[in-house]
Amino acid sequence: MTPTAGLRFSHLISKTLRQAPADAETISHQLLLRAGMIFPGAAGVYTYLPLGWRAFKKVENIIREEMDRAGGQEALFPGLQPLELWQETGRDTAFGPTMFSIEDRRERRLVLGPTHEEVVAQLARSFVRSYRDLPVLVYQIQNKFRDELRPRGGLLRGREFSMKDLYSLDADEAGLDHSYQLMIDAYRRIYERCHLPVVLVEADSGAIGGKESHEFTSLTPTGEDEIIHCPSCGYAANLEKAQARKGEPPAETTLPLEEIATPGIKTIDALARFAGVPTSRTLKAVFYSADGRMVFAVIRGDLEINEVKLKNLLKCNELRLATEEEVAGAGLVAGSASPLGLKGIPTVGDESIALGANLVAGANRDGYHVNNVNYPRDFQVDTVADIASAAAGQGCPRCSSPLQAGRGIEVGHVFKLGTVISQSIGAAFLDHEGVSQPVTMGSYGIGVGRLLAAIVELHHDDKGITWPLSIAPHQVYLCPLYGDCSQVGEVAEGLYQEMLEAGIEVLFDDREDSPGVKFNDADLLGIPLRLVISQRSLGKGNAEVKWRTEKQPQFLPIEGLASQVKALLDQGNS
RNA sequence: CGGGGUGUAGCGCAGCCAGGUAGCGCACCUGAAUGGGGUUCAGGGGGUCGCCGGUUCGAAUCCGGCCACCCCGACCA
């Protein structure tokens with residue numbers, strides 16, 4: 001839908017703010033508040049004011065166009081969903097308290113949809129009978145509700161937020177791969193049209209579940225996500241998922257165990273210093289409580305445990321460090337904990353435990369450690385897996401070059417769900433042979449407001465927002481400097497009408513304010529093209545035309561200005 | 001939920017320690033001047049000092065409890 005093209009500044013409900021509210025720290029949050037584009041309602045809940053809503057709709061329409069172009073069908077799923085639907089897939093516990101849940105007058109429990117895989121699987125159950133009905137791409141753009149642990153950064157992370165979520169239904173893995181690639185390509189076009197550079201990174205699937213997933217991340221220091229990437233080969237992954245090389249198996253001969261007294265030594269760093277070895281010659285032990293039961297994790301001392309990886313491995317909903325009481329209750333000694341002689345507690349070892357010889361480990365006895373510990377000679381674990389956090393400087397898993405770390409905003413996420421959800425919902429179809437098969441699903445999300453905020457994070461200067469032309473609430477800022485020259489007003493009114501007729505989206509600053517006020521607001525709002533009408537240039541029959549991101553204006557004749565401006569905008573759009 | 005912080009006019013803040021008629025800047029209203037980067041002067045309106053309770057002759061100020069919001073962490077578009 002095309003928004004009304006014009007708007008008089010004096011009619012706007014919002015006001016610009018000279019100073020940002022003190023509690024806004026993120027740039028996009030500050031600028032969107034100052035520009036009067038959003039207004040806070042509650043933590044993580046915002047009104048989109050008219051100018052912000054126009055920008056929002058620009059982003060939304062770009063997304064919609066690209067989804068349609070990729071073959072997506074737009075629908076609207078219910079925001080209110082029966083809790084039973086979530087119990088069918090068991091994801092009610094996976095989401096846990098993040099789901100807003102309410103009770104109706106019959107004391108029936110409903111949830112405010114945090115996402116819609118279940119609903120779509122239900123649709124598939126009803127409508128998909130044959131392989132001939134596949135593939136399907138169906139999507140919606142709708143508000144999601146998530147009771148986030150901590151909303152933050154204005155639009156960056158809200159509790160009510162608009163999301164475009166598309167779901168692919170395919171007959172098999174190959175079909176899913178195809179849909180997945182289709183979406184990745186469509187997403188790339190979306191970010192391109194929003195003038196937002198992104199990197200595609202491997203990601204953890206989190207509560208959504210599924211096997212493979214990627215995130216589109218806008219690299220910026222204000223981002224919430226840590227990204228590990230390789231400048232040499234292009235490998236990139238969210239820290240939650242990132243891998244790194246941990247070295248080669250040791251060549252040295254193993255030595256006999258030897259207990260050493262280590263009075264007061266509680267940390268790996270202290271231990272390494274005390275023993276005169278690098279931290280990579282030590283063994284670190286960490287206790288976790290996984291859904292209430294104790295788990296013991298062992299890793300080489302120079303590495304950190306990645307709790308997301310561990311959590312996925314254990315398939316648990318809640319993973320946290322064990323308390324001191326829990327550790328002591330299990331008969332272990334914090335600071336000198338060790339997998340040696342451990343019994344009765346599930347143990348997970350990182351791959352790195354085999355990539356080191358003659359390590360220093362705890363003795364499970366206060367004040368003592370054991371030297372020359374070797375796996376698997378001296379201890380066993382129940383599972384060996386990659387549970388280590390990658391870090392900058394470590395070797396790229398693909399090409400061994402040193403990895404780098406950076407922060408970013410997750411502006412899109414694609415998941416290969418597979419058949420997990422369709423199986424529990426019972427969404428199946430008959431294949432060529434007449435055999436019933438579960439529908440293979442994928443899901444693809446973009447947070448519209450977050451994308452908008454990410455654009456501001458990238459497109460701003462010390463004066464305010466510098467919207468890309470494709471996103472700006474209006475393309476043109478018509479700025480008459482009235483003074484006491486009545487002609488300025490007449491010309492400006494005439495131009496306003498002309499531009500409206502030419503289909504130009506124009507914000508008409510019809511306020512009787514001083515030039516400084518108007519210029520500063522124009523800059524703050526970030527409207528790409530500014531037209532100044534004043535007595536000064538009017539004498540030569542000209543108007544001053546200036547791009548937001550350029551210093552110098554150009555002067556164009558008032559005569560036929562609308563079509564000239566139109567041409568400039570078309571140029572800028574290409 | 002753990003850690004840190006803030007609540008006084010639409011926004012930014014002072015006042016609180018040493019209890020005694022609630023202030024400043026911006027914004028807003030009226031009038032005048034000004035007219036190319038938040039211009040100037042004069043006059044004016046607006047506040048349950050987050051909420052509840054306590055101490056006191058008297059509480060924005062002291063004490064107790066609660067709530068909200070923001071920042072860091074665990075969670076996610």
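Note that the coordinates shown come from a computational prediction; the quantities given were computed from them, not determined experimentally. Below, chain A is the first sequence line, B the second, and so on; all start at residue 1.
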Item checked: Base B/C75 to side chain A/Arg157, donor-acceptor N/O within 3.5 Å cut-off -> yes

Note to self: Contact list please: residues 547-556 of chain A against RNA chain B, heavy atoms, distance less than 4.0 Å, in numerical order.
What the structure shows: none

Notebook entry, point to check: To the nearest angstrom, how far is A/Leu33 atom CG from B/G10 atom C1'?
Noted result: 13 Å

Margin query: I want to check a possible cation-pi pair here: A/Arg146 against A/Phe100, using under 6.0 Å from ring centre and within 45° of the ring axis as the test.
Written below: no

Notebook entry, point to check: Are A/Tyr187 and A/Asp185 close enough that a side-chain donor and a side-chain acceptor fall under 3.5 Å?
Noted result: no

Notebook entry, point to check: Is the aromatic ring of A/Phe519 within stacking range of B/G36, meaning centres under 5.5 angstrom and planes under 30 degrees?
Noted result: no

Check: In the strands shown, is B/U34 matched to any nucleotide by a Watson-Crick or G-U wobble pair with both distances under 3.5 Å, and which?
Finding: none

Margin query: My understanding is that only one of A/Arg320, A/Glu307, A/Arg293 makes a side-chain hydrogen bond (donor to acceptor under 3.5 Å, both in side chains) with A/Tyr288; could you say which?
Written below: A/Glu307

Note to self: Only pairs with both distances under 3.5 Å count, Watson-Crick or wobble alike; so what is the partner of B/G12 in this structure?
What the structure shows: B/C24

Next item on the list: Between B/G50 and B/C67, how far apart are the C1' atoms? Round to whole Å, please.
Entry: 7 Å

Item checked: Atom CD1 of A/Ile13 with >12 non-hydrogen neighbours under 6.0 angstrom -> no

Notebook entry, point to check: NA contact type, A/Glu25, heavy-atom cut-off 4.0 Å: base, sugar-phosphate, or nothing?
Noted result: sugar-phosphate

Checklist line | Axial cation check for A/Tyr180 ring with A/Lys416, 6.0 Å and 45° limits | finding: yes

Check: Among B/G36, B/C75, B/C11, which nucleotide sits nearest the side chain of A/Glu224?
Finding: B/C75

Notebook entry, point to check: Just checking, is any N or O donor in the side chain of A/Asp165 or A/Gln140 under 3.5 Å from an acceptor N or O on the other one?
Noted result: yes

Item checked: 5' priority, RNA chain B, between A/Thr16 and A/Glu410 [closest heavy atom] -> A/Thr16

Item checked: Under 3.5 Å on both distances, the Watson-Crick or G-U partner of B/A60 -> none

Check: With distance as the sole criterion, do the side chain of A/Arg18 and the base of B/G37 form a donor-acceptor contact below 3.5 Å?
Finding: no

Check: Reckon A/Arg320 touches a base, only the sugar-phosphate, or nothing at all at heavy-atom distances under 4.0 Å?
Finding: nothing

Checklist line | Inter-nucleotide C1' distance (B/C71, B/G64), Å rounded | finding: 27 Å

Note to self: Between P on B/U39 and CG on A/Asp513, what's the gap in Å once rounded to a whole number?
What the structure shows: 9 Å

Next item on the list: May I ask you to say what A/Ala24 touches in the nucleic acid, namely base, sugar-phosphate or nothing, with a heavy-atom cut-off under 4.0 Å?
Entry: nothing

Notebook entry, point to check: For residues 448-465 of chain A, which residues have at least one heavy atom under 4.0 Å from RNA chain B?
Noted result: A/Arg450, A/Lys463

Margin query: Taking atom types as they are modelled, would you say the side chain of A/Gln535 forms a donor-acceptor pair with the base of B/G35 within the 3.5 Å cutoff?
Written below: no

Next item on the list: For A/Ser537 and for A/Asn238, locate the closest nucleotide of RNA chain B by heavy-atom distance; then report the residue assigned to the nucleotide nearer the 5' terminus.
Entry: A/Ser537

Note to self: Categorize A/Val45 for me: base, sugar-phosphate, or nothing, with a 4.0 angstrom heavy-atom threshold over every strand shown.
What the structure shows: nothing

Check: Of the nucleotides B/G36, B/C11, B/C75, which one has an atom closest to the side chain of A/Thr98?
Finding: B/C75

Margin query: Rounding to an integer number of angstrom, what distance separates B/C69 and B/C63 when you compare their C1' atoms?
Written below: 24 Å

Next item on the list: Step through the shown structure and confirm whether more than 12 heavy atoms of other residues, nucleotides or ligands are within 6.0 Å of CD on A/Glu65.
Entry: yes

Notebook entry, point to check: Over how many whole Å does the gap from A/His214 atom NE2 to B/C76 atom P extend?
Noted result: 17 Å

Notebook entry, point to check: Quick check: does any side chain N or O of A/Glu215 sit under 3.5 Å from a backbone N or O of A/Glu410, one acting as donor and the other as acceptor?
Noted result: no

Margin query: Regarding A/Tyr46 and A/His29, do their side chains bring together a donor and an acceptor under 3.5 Å, going by distance alone?
Written below: yes

Note to self: Rounded to whole Å, how long is the line connecting atom CD1 of A/Ile38 with atom C1' of B/C69?
What the structure shows: 15 Å

Check: Should B/C75 form a Watson-Crick or G-U wobble pair with both distances under 3.5 Å, which nucleotide is its partner?
Finding: none

Checklist line | B/G38 to B/C26 separation - P atoms, rounded to the nearest Å | finding: 14 Å

Item checked: Distance, C1' atom - from B/G44 to B/G65, rounded to whole angstrom -> 41 Å

Checklist line | Between P of B/C76 and CZ of A/Arg150, the distance in whole Å | finding: 15 Å

Check: Which one, B/U39, B/G36, B/A74, comes nearest to the side chain of A/Leu149?
Finding: B/A74

Check: Does the side chain of A/Met99 reach to within under 4.5 Å of the side chain of A/Trp86, using non-hydrogen atoms?
Finding: yes

Notebook entry, point to check: A/Ala22 has a side chain; which of B/A77, B/G38, B/G12 sits nearest to it?
Noted result: B/G12

Next item on the list: Using atom CD of A/Glu215 as one end and atom P of B/A77 as the other, report the distance to the nearest whole Å.
Entry: 8 Å

Note to self: What's the closest nucleotide to the side chain of A/Arg152 if the choices are B/C76, B/C11, B/G73?
What the structure shows: B/G73

Note to self: Are more than 12 heavy atoms, taken from residues, nucleotides or ligands other than A/Gln73, located less than 6.0 Å from that residue's CD atom?
What the structure shows: yes

Checklist line | Whole angstrom value for the distance that separates P of B/A32 from CD of A/Glu512 | finding: 13 Å

Next item on the list: Look at all strands and tell whether A/Gly158 reaches a base, only sugar-phosphate, or nothing, counting heavy atoms closer than 4.0 Å.
Entry: base

Note to self: Counting the atoms with a prime plus P, OP1 and OP2 as sugar-phosphate, which does A/Asp521 contact under 4.0 Å by heavy atoms, base, sugar-phosphate, or nothing?
What the structure shows: base

Note to self: Applying the Watson-Crick and G-U wobble criteria at under 3.5 Å, what pairs with B/U55? Answer none if nothing qualifies.
What the structure shows: none

Check: Atom CG of A/Asn312 and atom P of B/A74: how far apart are they, to the nearest Å?
Finding: 15 Å

Notebook entry, point to check: Does A/Arg407 reach the main-chain N or O of A/Glu224 with its side chain, forming a donor-acceptor pair under 3.5 Å?
Noted result: yes

Item checked: Sugar-phosphate only, base, or nothing, as touched by A/Gly154 at under 4.0 Å among non-hydrogen atoms -> nothing

Next item on the list: Provide the distance between the two P atoms, one in B/G23 and one in B/A60, to the nearest whole Å.
Entry: 13 Å

Next item on the list: Select one nucleotide: of B/G36, B/G73, B/A77, the one nearest the side-chain heavy atoms of A/Met163.
Entry: B/A77

Note to self: Using Watson-Crick or G-U wobble geometry with both distances under 3.5 Å, which nucleotide pairs with B/G7?
What the structure shows: B/C67

Check: Considering residues, nucleotides and ligands other than A/Phe39, do more than 12 of their heavy atoms fall under 6.0 Å from its CZ?
Finding: no

Next item on the list: Measure from the side chain of A/Arg536, starting at C-beta and using heavy atoms only, and say which of B/G36, B/G38, B/A77 lies closest.
Entry: B/G36

Next item on the list: For B/G43 versus B/G4, give the span between their P atoms, rounded off to a whole number of Å.
Entry: 49 Å

Item checked: Touch class at under 4.0 angstrom, heavy-atom based, for A/Gly447 against every strand present -> base

Item checked: Side chain of A/Arg34 (C-beta onward), nearest among B/G38, B/C75, B/C70 -> B/G38

Checklist line | Base of B/C71 paired with side chain of A/Asp23 (donor-acceptor, under 3.5 Å) | finding: no

Note to self: Measuring only the C1' atom in each nucleotide, how far is B/C29 from B/C1? A whole number of Å is fine.
What the structure shows: 48 Å

Next item on the list: Would you verify whether the NZ or CZ of A/Arg8 falls within 45 degrees of the ring axis of A/Phe508 while also being under 6.0 Å from that six-membered ring's centre?
Entry: no

